[in-house]
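These values consider heavy atoms only, across backbone and side chains, with no hydrogens, waters or symmetry-generated copies. In listed order, ligands and their atoms are each counted from 1.
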Amino acid sequence: MKVTIVGAGNVGASCADSISYRGIASEVVLLDIREGFAEGKAMDIMQCATNTGFNTNVSGVTNDYTKTANSDVVVITSGIPRKPGMTREELIGINAGIVKTVADNVLAHSPNAIIVVVSNPMDTMTYLTLKATGLPKNRIIGMGGALDSSRFRYYLSKALDKPSNDVSAMVIGGHGDTTMIPLTRLAAYNGIPVSEFLSQEELEKVAAATMVGGATLTGLLGTSAWYAPGASVAYLVDSILNDQKKMIACSVFLEGEYGQNDICIGVPCIIGKNGIEQIVDIKLNDAEKAAFAKSADAVRNMNADLKSVLA
Ligand SMILES: NC(=O)C1=CN([C@@H]2O[C@H](COP(=O)(O)OP(=O)(O)OC[C@H]3O[C@@H](n4cnc5c(N)ncnc54)[C@H](O)[C@@H]3O)[C@@H](O)[C@H]2O)C=CC1
Ligand SMILES: O=C([O-])CC(=O)C(=O)O
């Protein structure tokens, strides 16, 4: 199985590393516009093969889309990341043009690919990719919820002082500092509601830390995070290529689900060989419904800025 990753920067290269290390695909092509950069990242990753024992063939190319031909999955990470103090939304001016051009290029050489959108503001970039390519909604997947949910589980595990893998929890809504909705009511420690162990105040703190999880890392690192984003994309790609049917929160085009239309936003989805195979429309309580509607309003406002790119 072949995966192309456009953008060989922090997230793209980390994703290639995670996919090859875990043997998720037989071939990974990294593509970047920076001369020689993707080639260098691919060579560095390939030189891990003997010491970590993987057999994936990772190669790098400078803007040569012919080498990406017939990819099963294409991951778009090209674009600029935010700096401390910025929001993801501020990246739209530069990233929208990049994502649209890249989506057209990849599709010309891989007409059957499933596209995973990572570049920020991710929900709006997912919507743009869907509208610009005209592909069916199952083949355009925005990655954000997988990462936000893993951060939610991390912060819950810290508060519980228990391992992250014993905690299950999901974040839905937009992939933004104020639009994420950590579903605290449904989070569990080995099947037991976390509210059995943590006070309302503690749970509110965990939810707040989760929502600004990306901003916290950007403040510490000077640019946004890459290890967990790369691993989250690899987790999603694994479920597609190996038809695992995992339930993962992804940004997907909604047609009535969660009371929304004409928007891409994070909701639980079943992910398999056809991409988004099912949108899981769970019953939210009134507060969650209100938060989802507010989050969708914010994402929709952002989408309005795409008019000139989509014209
Ligand atoms: N959805 C999510 O959960 C996450 C999204 N992101 C987003 O992913 C994007 C990438 O982040 P990083 O890898 O940290 O940035 P980075 O700056 O390290 O890498 C971006 C790469 O894209 C390349 N690029 C720019 N224009 C291109 C084009 N037209 N074609 C091919 N390559 C091109 C650049 O040369 C650069 O190497 C950012 O927009 C960031 O905000 C980052 C983390 C998580
Ligand atoms: O915080 C950012 O800008 C990058 C991102 O989306 C994340 O790490 O969640």
Side-chain angles (χ1 to χ4, degrees), residues 4-18 29-42 60-65 67-68 74-106 116-126 128-129 141-152 154 171 173-180 209-236 248-251 264-266:
T4 285
I5 302 169
V6 183
N10 285 336
V11 176
S14 170
C15 175
D17 186 46
S18 197
V29 177
L30 272 169
L31 181 146
D32 205 286
I33 40 162
R34 204 172 135 192
E35 190 70 40
F37 191 59
E39 288 86 338
K41 290 287 182 101
V61 291
T62 304
N63 224 19
D64 179 2
Y65 281 87
K67 299 288 189 325
T68 70
V74 175
V75 179
I76 302 180
T77 76
S78 46
I80 55 163
R82 63 173 156 168
K83 297 239 177 302
M86 289 173 75
T87 65
R88 295 177 181 86
E89 286 76 8
E90 288 173 67
L91 306 173
I92 190 172
I94 293 179
N95 286 356
I98 293 175
V99 169
K100 183 173 184 297
T101 309
V102 166
D104 290 342
N105 286 337
V106 292
V116 176
V117 180
V118 180
S119 311
N120 273 315
M122 182 279 293
D123 298 289
T124 297
M125 294 301 102
T126 305
L128 166 65
T129 306
I141 309 176
M143 196 297 291
L147 173 64
D148 301 331
S149 301
S150 73
R151 287 186 178 140
F152 188 23
Y154 163 82
V171 176
H175 179 61
D177 298 341
T178 57
T179 56
M180 277 177 218
T210 301
M211 291 174 76
V212 296
T216 299
L217 285 162
T218 304
L220 292 167
L221 298 167
T223 184
S224 56
W226 57 90
Y227 294 116
S232 303
V233 178
Y235 180 76
L236 186 58
I248 304 174
C250 295
S251 189
C264 291
I265 190 166

Legend entry - For Leu147, the ligand 2 atoms whose distance to one of its heavy atoms is below 4.0 Å: 7 (C), 8 (O), 9 (O)
Inset, instruction - Classify the contact between Glu90 and ligand 2 as side chain, backbone, both or neither, using a heavy-atom distance cut-off of under 4.0 Å. - result: neither
Inset, instruction - Could you tell me if any non-hydrogen atom of His175 lies under 4.0 Å from any atom of ligand 2? - result: yes
Inset, instruction - Can you figure out which of Leu91, Asp32, Val118 has its heavy atom closest to atom 37 (O) of ligand 1? - result: Asp32
Inset, instruction - Report yes or no: does Arg88 have a heavy atom closer than 4.0 Å to ligand 1? - result: no
Inset, instruction - Looking only at distances, please establish whether an N/O atom of ligand 1 is found under 3.5 Å from an N/O atom of Phe37. - result: no
Legend entry - Trp226 contact mode with ligand 1 (heavy-atom cut-off under 4.0 Å): neither
Inset, instruction - Determine, considering heavy atoms only, which of Ala38, Gly7, Ser78, Gly79 sits nearest to atom 20 (C) of ligand 1. - result: Gly79
Legend entry - Heavy-atom nearest neighbour of atom 6 (N) of ligand 1 within options Asn105, Ile98, Asn120: Asn120
Legend entry - Winner among Asn95, Leu217, Ile33, Asn10 once heavy atoms are compared against atom 26 (N) of ligand 1: Ile33
Inset, instruction - Name the closest protein heavy atom to atom 2 (C) of ligand 2, giving the residue it belongs to and the distance to 0.1 Å. - result: Arg82 NE, 3.2 Å
Legend entry - Proximity to ligand 1 by part of Met143, non-hydrogen separation under 4.0 Å: both
Inset, instruction - Work out whether the distance between some heavy atom of Arg151 and some atom of ligand 2 is less than 4.0 Å. - result: yes
Inset, instruction - Check Leu217 against ligand 2 and report side chain, backbone, both or neither, counting heavy atoms closer than 4.0 Å. - result: neither
Legend entry - Residue and atom name of the nearest protein heavy atom (relative to atom 4 (C) of ligand 2), distance in Å to one decimal: Ser224 CB, 3.4 Å
Could you give the side-chain donor-acceptor pairs of residues 210-219 under 3.5 Å, partners two or more places apart or in another chain?
residue, atom, partner, partner atom, Å
Thr210, OG1, Val206, O, 2.8
Thr216, OG1, Val212, O, 2.9
Thr218, OG1, Gly214, O, 2.7

Inset, instruction - Taking Thr77 for its side chain and Gly7 for its backbone only, find out whether a donor-acceptor pair lies under 3.5 Å. - result: yes
Inset, instruction - Indicate yes or no: does an N/O atom of Leu31 lie under 3.5 Å from an N/O atom of ligand 1? - result: no
Inset, instruction - Can you spot which of Arg88, Glu90, Glu89 makes a side-chain contact (heavy atoms from CB on, under 4.5 Å) with Met86? - result: Glu90
Legend entry - Within-4.5 Å side-chain heavy-atom neighbours: Ile141 and Thr126: no
Inset, instruction - Would you mind telling me if ligand 1 is within reach of the side chain of Pro81, the backbone, both or neither, using heavy atoms under 4.0 Å? - result: both
Inset, instruction - Check Val6 against ligand 1 and report side chain, backbone, both or neither, counting heavy atoms closer than 4.0 Å. - result: side chain
Inset, instruction - Please say whether Asn120 places an N or O atom under 3.5 Å from an N or O atom belonging to ligand 2. - result: yes
Inset, instruction - Please determine if His175 has a nitrogen or oxygen closer than 3.5 Å to a nitrogen or oxygen of ligand 1. - result: yes
